[in-house]
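Structure first, then comments.
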Amino acid sequence: MSTNDRAATAPTAPTTDEIFAAHEGGKLSVETTMPLDSTRALSIAYTPGVAQVSRAIHETPQLQATHTWADRLVVVLSDGTAVLGLGDIGPAASLPVMEGKSALFKAFGGLNSIPLVIDTNDVDEIVETMVRLRPSFGAVNLEDVAAPRCFELEARLIEALDCPVMHDDQHGTAVVVLAALTNAARVTEREFASIRVVIAGAGAAGIAVTEILLGAGVGEVILTDSRGVIHEGREGLSEIKTQYAQCTNRRQVSGQLAEALDGADVFIGVSSSRVPEEELARMNDRAIVFALSNPDPEVMPEVAKRHAAVVATGRSDYPNQINNVLAFPGIFRGALDAGARRITQEMKIAAATALADLVGDELTPEHIVPSPLDARVAPAVARAVMDAAAAAKAPGATAAAHGVSAEVSA
């Protein structure tokens with residue numbers, strides 16, 4: 001489909017009445033997988049037949065994986081502290097978002113999923129709750145948990161649970177950014193090893209994007225936050241920012257975003273900051289700009305295009321939407337199909353490569369990632385993740401993660 005065709009088929013914006021009507025009563029339901037229309041059916045699905053299955057699982061716990069839904073059930077877990085662009089709105093107000101995420105798992109990954117919002121911000125309490133609930137699910141998708149607590153929570157859950165755990169705001173974003181950058185580099189004829197990337201935002205997404213880009217071989221990454229460029233020796237850095245100051249910004253640039261953008265090839269915005277046009281003008285020719293804040297990008301695409309050869313946003317009404325739904329359904333599907341207990345950096349890089357390759361001969365500056373509605377996406381990502389999992393199990397394979405911190409890797 002051409003860029004013009006995609007624009008022509010873009011839906012009109014929904015009205016407020018449509019939105020509230022669609023959400024009334026929630027967006028999820030539970031459907032049975034067998035009819036319960038006779039006494040015999042009831043005796044199979046429930047008592048007395050179900051007792052045989054429960055007794056068998058008690059004697060052979062491995063049967064839970066094949067005779068319940070738990071092994072392929074993804075929990076979408078949130079404490080409601082960083083919901084979309086709304087901030088800390090609490091667990092109840094976050095539930096419509098988590099329901100939507102669960103619906104996406106079903107629609108795009110073919111996985112059962114339930115939302116679970118939890119009324120505490122205490123990491124110990126959340127971990128203990130999930131450990132106690134572990135028999136009921138097969139994977140955890142962390143969603144909308146504020147930084148820097150999200151780093152500790154993800155690491156603690158990975159250690160405590162023997163199943164895939166991933167914070168999508170971090171790693172789903174990172175995977176799609178890497179896929180998009182792979183194709184943007186192809187379009188602009190750049191090699192990863194020579195690229196200089198500037199990332200605005202050192203929260204959950206910014207840290208994960210940094211980690212995956214370094215793992216994929218990007219030459220230089222400079223992180224910035226609301227106080228300016230992150231570099232060694234800068235006072236007041238958090239523990240996680242101190243850690244990344246040691247492996248980024250190798251030229252030790254200081255100052256504000258403008259100084260970081262001087263001679264940069266790529267700008268990636270994952271914050272609510274605004275980038276003046278004159279600062280973009282300091283970038284190299286045929287620059288790449290990913291302005292991913294929603295609903296208001298760090299710089300509007302019309303402005304970015306005056307200085308960049310490739311522009312992407314997080315919005316669906318512009319070309320090149322960086323949308324997490326391209327990544328997380330397939331990543332979880334592949335990890336569960338492979339029987340993996342961890343989602344590794346190798347799996348995430350493999351997923352990004354698969355996404356980039358799907359664009360194929362249709363690659364243009366306005367088409368660097370596939371559409372979220374492309375039916376090939378989740379299966380291709382799942383296969384790549386399964387292959388990465390199989391390679392890790394092969395004789396002589398190592399499980400070493402890319403990046404600088406196993407603690408913040410999924």
Side-chain angles (χ1 to χ4, degrees), residues 65 70-77 101-102 104-113 137-143 154 157-158 161-183 205 208-209 211-217 322-360 369-372 374-395 397-403 406 408-410:
D71 194 58
R72 299 182 63 73
L73 178 68
V74 180
V75 170
V76 177
L77 173 65
K101 200 77 171 193
S102 287
L104 294 175
F105 268 111
K106 188 65 173 180
F108 293 99
L111 293 171
N112 290 315
S113 176
F137 57 80
V140 178
N141 180 92
L142 277 174
E143 192 75 20
E154 183 189 47
L157 286 173
I158 289 170
L161 302 175
D162 59 341
C163 68
V165 176
M166 189 177 82
H167 185 201
D168 182 52
D169 299 317
Q170 292 183 59
H171 307 294
T173 302
V175 165
V176 185
V177 166
L178 176 57
L181 186 57
T182 299
N183 279 338
V209 170
E211 185 178 3
I212 202 169
L213 294 187
L214 292 174
I322 308 298
N323 190 328
N324 288 15
V325 78
L326 289 167
F328 70 83
I331 290 174
F332 276 94
R333 179 64 182 261
L336 289 172
D337 284 351
R341 297 176 64 181
R342 297 286 185 270
I343 295 174
T344 66
Q345 191 78 321
E346 286 80 7
M347 292 178 184
K348 288 176 275 187
I349 291 176
T353 301
L355 278 175
D357 289 346
L358 275 179
V359 176
V369 287
S371 164
D374 188 332
R376 302 172 300 161
V377 167
V381 170
R383 282 193 300 271
V385 169
M386 290 181 67
D387 289 345
K393 294 178 182 178
T398 64
H402 295 285
V408 295
S409 298

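Every value quoted in this text rests on a predicted model; they were computed, and no experiment measured them. Worth knowing before you read on, the calculation uses all heavy atoms, side chains too, and leaves out hydrogens, waters and symmetry mates.
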Compare all side-chain heavy atoms of Val140 with those of Val74 and state whether any distance is below 4.5 angstrom. no
Test item: Arg341 side-chain N/O and Pro164 main-chain N/O as donor-acceptor pair under 3.5 Å: no
Check against side chain to side chain contact (heavy atoms under 4.5 Å, CB included), Phe332 and Leu111: CA-CA 9 Å; Phe332 276 94; Leu111 293 171; 4.0 Å; yes
Side chains of His171 and Glu154: do they bring a donor and an acceptor to under 3.5 Å? yes
Report yes or no: does Asp168 contribute a side-chain atom to a donor-acceptor pair with the main-chain N or O of Phe328 at less than 3.5 Å? no
Do the side chains of Val75 and Asn141 get nearer than 4.5 Å, heavy atoms only? no
With rounding to the nearest 0.5 Å, note down the distance linking CG in Leu77 to NZ in Lys101. 13.0 Å
Output for pair (Leu336 CG, Cys163 SG), nearest 0.5 Å, gives 8.5 Å
Looking at Asp337 and Arg333, is there a salt bridge between them, counting it only when a charged N and a carboxylate O are closer than 4.0 Å? yes
Counting distance only, does the side-chain N/O of Arg72 pair as donor-acceptor with the main-chain N or O of Asn112 below 3.5 Å? no
Backbone of Ala205 reached by a side-chain donor or acceptor of Thr173 within 3.5 Å: no
So, using salt bridge (Lys or Arg N to Asp or Glu O under 4.0 Å) as the criterion, who are the partners of Asp357 when residues are at least two apart? Arg186
To the nearest 0.5 angstrom, please state how far the CG atom of Leu178 sits from the NZ atom of Lys348. 11.0 Å
Using modelled atom types only, decide if a donor and an acceptor are shared between the side chain of Asp169 and the backbone of Glu143 within a distance under 3.5 Å. no
